[in-house]
**Student:** 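This is the structure I want to talk about, given as structure tokens.
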Amino acid sequence: MARQVLRYQQLPSIDIEFFKKSHEMVFSQLALSPVEHDLMALMLTRLSEDHWEEEVIGESKRKINPTYEFGIDVLCDWLGVKSADIYNVTQEPASRLAGRKIGIKNSKAKKYRFTPLFEDLIYENGTLTMIPNNALMEQYIGLTKGHSQIPQKVFRNLKRENAKRLFSMLCRFKDPAKGSLKAFDFQDLYGMFGLLNERGELVKKSYQRTSEFIRTIIKPAIKEIDEKEPLLTFHIDEKSGNYGYQPLKSGRKITGIKFLFSWDIEKIASSKPVVKKVASQTEQTDEEVSAVDLLTTYVLVNNYTPDQPNNPSTQQLKDIMEHSNWLSENGKEVVDVRFMLNYKMAIAEARARESGMFNSDGE
DNA sequence: TTGGAATCAGCCCCAGCAAA
DNA sequence: TTTGCTGGGGCTGATTCCAA
């Protein structure tokens, strides 16, 4: 069985709004420069579970990791540089990225396991070839713990490494109904901002002073995200007056941080105001379903209570399944177990209710 | 593709201030 | 008085820009 090779030479092929980063990768230990972050994001825009071919060897099966190749036009557009400069901009970061290891947290053992990000990564003759490490397939695809849906234009527009990293974390919690970002102690924060080595030691000693860490990492990151992402609002901590975060204290010592932010869910929805619906069985003309309708139905299913007068119809329920990709792009997952259970109950109720209506009308 | 210069973010140290 | 936070400023290295 041959490895899949995905080649991208033209610009339209990367013209997509979001890329996904798994929960484990968002909250991993990984130090990358801004250009390395962008190269990684480029691969993540293309990465798909379908690209991992399955090979059967006797009784057992194994997955074969794909190869991604990006041509010079794609790299120039993605990194925002002229073709004459692409070697300078790409060569060194690509070389470093090839050797980077990511620390994935084992929550049971409370330890980080460090694994190389790539099996191979080469920049040669204007082409960047990236082969993700097979050992990280679950983390790349985000099979188990959900993912962060990251707007790629805003992400690339962020110049600070730490702003990119914080932005990925904040994108993981767009919908407050699906959980919120917990408060972190400094050991967690050091890890998530790539400041710990494989032995768990702080590599920059100045950050032992928490005030220095907040001043040079947290505040500039909040400021840059605030300037470049209009859909995200940071809030002021009334007690301390800090913008975007609440310091958690023990006496006078700051022991941790809780980020204070909210996403404008309405604006995210209205940024795609109307979604084209596939023509229904009875009508040949296209209908349209509004984003607000889709989101309303989604919320009703997510918080499903039997026999409520405003519970959705079968058509509304079909609509959200038809537009599951759009919902997913806007942080509304329709594939999690609880949602699917609610969906089954809601559609059973809708069918029963609608057949009852027809019967009572004598049809 | 290479090499050098310019720029700027990140890092570190220090002094002053304030809270416990 | 001690301890921790804040802000200023200099140094370093990564990134960007430009010329060959």
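Remember, it's a predicted structure, so these values are computed and weren't measured experimentally. Note on naming: letters A, B, ... go to the chains in the order of the sequence lines (proteins, then strands), and numbering restarts at 1 for each one. Side chains are part of it too, since the values below use all heavy atoms of this structure and drop only hydrogens, waters and symmetry mates.
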**Student:** Does the Lys NZ or Arg CZ of Arg46(A) fall within the cation-pi geometry relative to Tyr8(A) - under 6.0 Å from the ring centre and within 45° of the axis?
**Tutor:**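 Yes.
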
**Student:** Grab the OH-C1' distance between Tyr190(A) and dG10(B) for me, whole Å please.
**Tutor:**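 Spelled out: OH on Tyr190(A) to C1' on dG10(B) is 16 Å.
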
**Student:** Suppose we screen for side-chain hydrogen bond (donor to acceptor under 3.5 Å, both in side chains). Which residues come up paired with Arg156(A), at least two apart in sequence or across chains?
**Tutor:**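 Checked Arg156(A) against side-chain hydrogen bond (donor to acceptor under 3.5 Å, both in side chains); matches are Gln152(A).
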
**Student:** Specify the separation, in whole Å, of atom NZ of Lys223(A) and atom P of dG10(B).
**Tutor:** 12 Å

**Student:** Nearest whole angstrom, please: distance from the C1' of dA20(B) to the CD1 of Ile254(A).
**Tutor:** 15 Å

**Student:** Please state how far atom OH in Tyr245(A) lies from atom C1' in dT6(C), giving the value in whole angstrom units.
**Tutor:** 10 Å

**Student:** Could you measure the distance from the CG atom of Leu121(A) to the CG atom of Asn133(A)? Nearest 0.5 Å is fine.
**Tutor:**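 If we round to the nearest 0.5 Å, Leu121(A):CG and Asn133(A):CG are 12.0 Å apart.
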
**Student:** Between the side chains of His51(A) and Tyr68(A), does any donor sit under 3.5 Å from an acceptor?
**Tutor:**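 Their side chains do contain a donor-acceptor pair, which is all the 3.5 Å distance test asks for.
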
**Student:** Sugar-phosphate means primed atoms, P, OP1 and OP2; the rest is base. With that split, encode nucleotides 10-20 of chain C 5' to 3' as B, S or - using protein heavy atoms under 4.0 Å.
**Tutor:** ----SSSBB--

**Student:** NZ of Lys223(A): more than 12 outside heavy atoms within 6.0 angstrom?
**Tutor:** no

**Student:** What is the nucleic acid contact for Ile214(A), judged by heavy atoms within less than 4.0 Å: base, sugar-phosphate only, or nothing?
**Tutor:**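 The residue Ile214(A) makes no contact with any strand.
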
**Student:** Does the side chain of Thr210(A) get closer than 4.0 angstrom to OP1 or OP2 of dG4(C) through an N or O atom?
**Tutor:** no

**Student:** With a 3.5 Å cut-off and just heavy-atom distances, do the side chain of Arg215(A) and the base of dG8(C) make a donor-acceptor pair?
**Tutor:**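 When only heavy-atom distances are counted, Arg215(A) does reach the base of dG8(C) through a donor-acceptor pair under 3.5 Å.
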
**Student:** Hey, which of Asp38(A), Ile86(A), Val89(A) is the one that makes side chain to side chain contact (heavy atoms under 4.5 Å, CB included) with Leu75(A)?
**Tutor:** Ile86(A)

**Student:** To the nearest Å, give me how far apart CZ (Arg165(A)) and C1' (dA9(B)) are.
**Tutor:** 17 Å

**Student:** What integer distance in Å separates Ile218(A):CD1 from dG7(C):C1'?
**Tutor:**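 Taking atom C1' of dG7(C) as the reference, CD1 of Ile218(A) is at 18 Å.
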
**Student:** For Glu119(A) and Asn65(A), does a side-chain donor sit closer than 3.5 Å to a side-chain acceptor?
**Tutor:** yes

**Student:** Could you tell me the separation between the CZ atom of Arg160(A) and the P atom of dC11(B), rounded to a whole number of Å?
**Tutor:** 11 Å

**Student:** Given atom CD1 of Ile217(A) and atom C1' of dG10(B), what is their separation to the nearest angstrom?
**Tutor:** 8 Å

